[in-house]
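All values reported here derive from a predicted model rather than from experimental measurement.
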Amino acid sequence: VIYSDDFDYVGSQWGPDKQSVAYQKRSVEQSVCEIRVAKVNAEARILQDELIAKCNINAINSNIDWSPDGKYLLYTDWQEDKMINSLVMV
């Protein structure tokens with residue numbers, strides 16, 4: 001177990017380097033939705049955890065995907081002004 005608390009952790013995806021995990025951290029109760037990347041070691045211990053982007057709390061649970069070179073992430077987010085889900089690349 002890497003994390004165990006009051007948040008939902010969804011959409012996790014290993015990076016091409018096999019040392020990074022991208023995931024969505026969310027809590028409707030706390031109005032938190034974040035796309036994050038954790039660097040982990042061989043024992044799955046977190047070495048670093050970085051906030052990459054804030055997402056809309058109404059976003060669907062995101063399936064995150066990496067670009068082949070590991071430089072970008074693609075995920076689904078909710079655009080409040082247009083009332084639609086959209087793809088975002090960061």
Side-chain angles (χ1 to χ4, degrees):
V1 175
I2 294 177
Y3 286 113
S4 180
D5 56 25
D6 292 337
F7 292 95
D8 292 324
Y9 296 91
V10 296
S12 58
Q13 183 72 33
W14 281 105
D17 65 2
K18 305 296 184 213
Q19 298 175 347
S20 302
V21 178
Y23 64 94
Q24 183 184 44
K25 176 182 178 178
R26 61 191 315 258
S27 169
V28 174
E29 294 80 23
Q30 297 181 37
S31 296
V32 171
C33 185
E34 300 172 343
I35 303 298
R36 303 188 69 89
V37 172
K39 298 273 187 188
V40 296
N41 64 16
E43 293 80 38
R45 296 194 191 280
I46 296 173
L47 304 174
Q48 178 185 2
D49 190 1
E50 180 181 1
L51 172 65
I52 302 300
K54 293 197 176 225
C55 44
N56 189 298
I57 195 62
N58 294 318
I60 60 173
N61 289 348
S62 192
N63 288 323
I64 299 169
D65 200 10
W66 291 82
S67 62
D69 61 8
K71 292 183 180 179
Y72 302 99
L73 293 173
L74 185 68
Y75 66 95
T76 307
D77 202 358
W78 178 254
Q79 288 186 305
E80 201 73 45
D81 58 334
K82 296 180 182 177
M83 302 294 286
I84 59 171
N85 278 304
S86 58
L87 287 176
V88 178
M89 188 169 69
V90 291

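Here the closest heavy-atom approach between residue Glu34 and residue Cys55 is recorded as N-SG, 3.4 Å. Nearest heavy-atom pair, Ala22 versus Ile64, reported as atom, atom and distance to 0.1 Å: CB-CG2, 3.7 Å. When all heavy atoms of Ser67 and Asp69 are compared, the closest pair comes out as OG-OD1, 2.6 Å. Nearest heavy atoms, Val90 versus Ala53: CG1-CB, 4.3 Å. Minimum interatomic distance between Trp66 and Val21 (heavy atoms only, all atoms of both residues): CZ2-C, 4.4 Å. Listed here is the closest heavy atom pair of Leu87 and Leu74: CB-CD1, 4.1 Å.
With a 4.5 Å cut-off on side-chain heavy atoms, Leu51 and Lys25 do not count as touching. You'll find the side chain of Arg36 stays beyond 4.5 Å of the side chain of Tyr9, heavy atoms only.
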> Which is it for Val37 and Leu73 under the side chain to side chain contact (heavy atoms under 4.5 Å, CB included) test, yes or no, and what are the steps along the way?
Replying inline: CA-CA 10 Å; Val37 172; Leu73 293 173; 3.7 Å; yes

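The structure places NZ of Lys39 at 11.5 Å from CG of Asp49, a figure rounded to the nearest 0.5 Å. With rounding to the nearest 0.5 angstrom, the CD atom of Gln30 is 9.5 Å from the CD1 atom of Ile57.
A donor-acceptor pair shorter than 3.5 Å can be found between the side chains of Asn56 and Glu80.
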